[in-house]
Structures are given as C-alpha cells and as structure tokens.
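Everything numeric here is computed off the predicted structure, so don't read it as measured data. Only this structure's heavy atoms are used, side chains among them; waters, hydrogens and symmetry mates stay out.
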Amino acid sequence: FFFLMIRRPPRSTQSRSSAASDVYKRQNAEYMGIMSEIMTRYRPDAIVMQCGADSISGDKLGCFNLSIKGHGECVNYMKSFGIPMMVLGGGGYTLRNVARCWTYETGILLDEELPNGK
C-alpha cells in the first residue's frame, strides 16, 4: 500500500493565489517523481488506484486541499503508463465533490471530455 500526503497550502493564502499555486506545482512534481520511480523499480503488470475524494478541498472530514482537476491529473498521470488500471472510489464526505470528482475522473479514464453542468 502506498500513500502520498499532499500538504495544504498555508492558511494565509487563497486557493487561487500564487503561493498556493506554487505549493500545488511543487507537490504535483513530487507526486510524479515518486510514482515514476515506483513504476520503474517495481514494473507492475497492473495498477489499482484508490481515488478517495476526501482529499478534495472543502471535504467535511478530509484535511487535504486538492482541486478536482489536480486530483484528476494524478489519475491521468498514472494512466499515461499504459498498463491496465482498476480505479476505485473511496472516502469523500461532501457529496457534490464526490460526484463531480468521480465523474471527471471517469471522463479522463475514458478519454472523454464531459460537459461542465452547472
């Protein structure tokens, strides 16, 4: 089992601020570097990826601060390895975030751009 903690940007920054953006970019690069090394070392035949939506910003119980797009970028990155994937849901206690996140990620996995129904 592998778990990568994504740190929340400092409370003094807005989620769209340059400081928060810099934190996100650094952490995304860290995620990709770590996962690339894992894929190179272990050369798995398949990936089982658990996509808990409790890491989405605004979750009632989660303490992370990922955007739905950032969460999806992690899925897309793992998909880029081109090996079979089983993607599971899990966690997520703000239902509108859960539905949006998993719908968005289903679109990524199916190579379909879904309309943004507001």
Say whether, by atom type as modelled, one donor and one acceptor occur between the side chain of Trp102 and the main chain of Cys51 under 3.5 angstrom. yes
Can you check whether Val87's main-chain N or O pairs, donor with acceptor, with Gln50's side chain at less than 3.5 Å? no
Would you say Tyr31 and Met39 are hydrophobically clustered, going by side-chain heavy atoms of ILVMFWY under 4.5 Å? yes
Could you state whether Met35 and Leu109 fall into the same hydrophobic cluster, counting links through intermediate Ile, Leu, Val, Met, Phe, Trp or Tyr residues with side-chain heavy atoms under 4.5 angstrom apart? yes
Just wondering, do [Y] and [X] contact through their side chains at under 4.5 Å, heavy atoms?
X     : Y      : value
Ile68 : Glu105 : no
Met49 : Val75  : yes
Ile47 : Met86  : no

In short, salt bridge (charged side-chain N to carboxylate O under 4.0 Å, His left out) pairs touching residues 40-59 with sequence neighbours left out are Glu37-Arg41
Would you name the heavy atoms of Ser55 and Gly52 that are closest together and state the gap between them? OG-O, 3.1 Å
Thr94: which residues meet the side chain to side chain donor-acceptor pair (under 3.5 Å) condition with it, sequence neighbours left out? none
Distance (rounded to the nearest 0.5 Å) between Tyr104 OH and His71 NE2: 12.0 Å
Kindly list each side-chain donor-acceptor pair under 3.5 angstrom involving residues 76-83, sequence neighbours excluded, with atom names and distances?
{"residue": "Tyr77", "atom": "OH", "partner": "Met32", "partner atom": "O", "Å": "3.3"}
{"residue": "Lys79", "atom": "NZ", "partner": "Ile108", "partner atom": "O", "Å": "2.9"}
{"residue": "Lys79", "atom": "NZ", "partner": "Asp111", "partner atom": "OD1", "Å": "2.4"}
{"residue": "Lys79", "atom": "NZ", "partner": "Asp111", "partner atom": "OD2", "Å": "3.3"}
{"residue": "Ser80", "atom": "OG", "partner": "Tyr77", "partner atom": "O", "Å": "2.5"}

